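Since the structure is predicted, the reported quantities are computational estimates derived from the model, not experimental observations. The chains referred to below are lettered A, B, ... by the order of the sequence lines, with proteins before strands, and numbering in each begins at 1.
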Amino acid sequence: MSTTGMRRRYWLMKSEPEDFSIDDLERVGTEPWTGVRNYQARNFMRDGMRRGDGVLFYHSNCAVPGIYGIAEVASSAYPDPTQFDRTSKYFDPKATREEPRWMLVDVGFVRSFAAPVTLEAIRGRAEALGEDFALIRKGSRLSVLPVNAAQWKILLAMEPK
DNA sequence: GCCAACGTTGGC
DNA sequence: GCCAACGTTGGC
């Protein structure tokens, strides 16, 4: 075991700003990332994320899609409570408390950008970001995806000053 | 609002 | 296990 601790990992998490924006996160401070119903995205949260990991907060399905700020993983993974809630749109009749299907982490606000790193700008750096950057991979719709250290550095350097 | 791309469901 | 039908995502 390293005495310097485990290296942080980095992620990108999408949210529709009409549903939950970076400003909403700033207001509440920490938010359980409910509603992920894709197995690959779930697996990243359940198996990959650790408290303190960096998160790029991405706004999707809006006028200017892009990265609007930074957040961090604020808990380890635990069952998404909405899967058990009959009144929730995320209710899953096949999930049980003994065998939950959907896991989430809490996400904490770090800071918002003065202006977004737009999807358009990100596409412009596609070559530097590389083939394994799932955000701009053709057909990829993952709402939670890994970002490597080099990509994290590139994307943060793109923040408009 | 359109629609391409993708994931899931369920009949067979 | 195949695959058609359906639902969802998300850019435009």
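For residues 71-99 of chain A, the salt bridge (charged side-chain N to carboxylate O under 4.0 Å, His left out) pairs, not counting sequence neighbours, are Arg37(A)-Asp80(A), Asp92(A)-Arg101(A). Residue pairs meeting the side chain to side chain donor-acceptor pair (under 3.5 Å) criterion with at least one partner in residues 132-149 of chain A, sequence neighbours excluded, are Asp132(A)-Gln151(A). Every pair passing ring pair (Phe, Tyr, Trp, His ring centres under 6.0 Å) that includes a residue from residues 17-57 of chain A is listed here, sequence neighbours excluded: Trp11(A)-Phe44(A), Trp33(A)-Phe57(A), Tyr39(A)-Trp102(A), Phe57(A)-His59(A). Within the structure, salt bridge (charged side-chain N to carboxylate O under 4.0 Å, His left out) contacts touching residues 10-29 of chain A (residues at least two apart or in different chains) are Asp24(A)-Arg27(A). Identified under the ring pair (Phe, Tyr, Trp, His ring centres under 6.0 Å) test for residues 133-161 of chain A, with sequence neighbours left out: Tyr10(A)-Trp152(A).
One distance of note links CG of Leu12(A) with OG of Ser60(A); it measures 10.0 Å at 0.5 Å rounding.
Computed from coordinates, the Gln40(A) CD to dT8(C) C1' distance equals 16 Å when rounded to whole Å. Atom CG in Asp19(A) sits roughly 14 Å away from atom P in dT8(C) (whole-Å rounding). The CG atom of Asn38(A) sits 13 Å away from the C1' atom of dA5(B) (whole-angstrom rounding). Rounded to whole Å, the distance from CH2 on Trp102(A) to P on dG7(B) is 13 Å. Asn61(A) places its CG atom 13 Å from the P atom of dT8(C), with the value rounded to the nearest Å.
Overall, the helix from dG1(B)-dC12(C) to dC12(B)-dG1(C) carries an axis bend of 10° between its ends, with five pairs at each end and the value rounded to 10°.
Taken residue by residue, residues 134-147 of chain A places heavy atoms nearer than 4.0 Å to DNA chain C at Arg141(A), Leu142(A).
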List the atom pairs, donor and acceptor, that lie under 3.5 Å between side-chain atoms in residues 118-129 of chain A and the rest of the protein, sequence neighbours left out.
unit_1: Thr118(A); atom_1: OG1; unit_2: Ala121(A); atom_2: N; d: 3.0

Which pairs would a plain distance check flag for residues 153-161 of chain A, meaning a side-chain donor or acceptor within less than 3.5 Å of a matching protein atom at least two apart in sequence or in another chain?
unit_1: Glu159(A); atom_1: OE1; unit_2: Arg111(A); atom_2: NH1; d: 3.3
unit_1: Glu159(A); atom_1: OE1; unit_2: Arg111(A); atom_2: NH2; d: 2.9
unit_1: Glu159(A); atom_1: OE2; unit_2: Arg111(A); atom_2: NH1; d: 3.1

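When hydrophobic residues (I, L, V, M, F, W, Y) are linked wherever their side-chain heavy atoms come within less than 4.5 Å, Phe91(A) remains an isolated member.
Side-chain contact between Pro32(A) and Tyr78(A): present, with at least one pair of heavy atoms (C-beta onward) separated by less than 4.5 Å.
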Under 3.5 Å, which protein N or O atoms sit close to an N or O of nucleotides 10-12 of chain B? Give each pair with its distance.
none

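Partners of Gln40(A) according to the side-chain hydrogen bond (donor to acceptor under 3.5 Å, both in side chains) rule, which considers only residues two or more places apart in sequence or in another chain, do not exist here.
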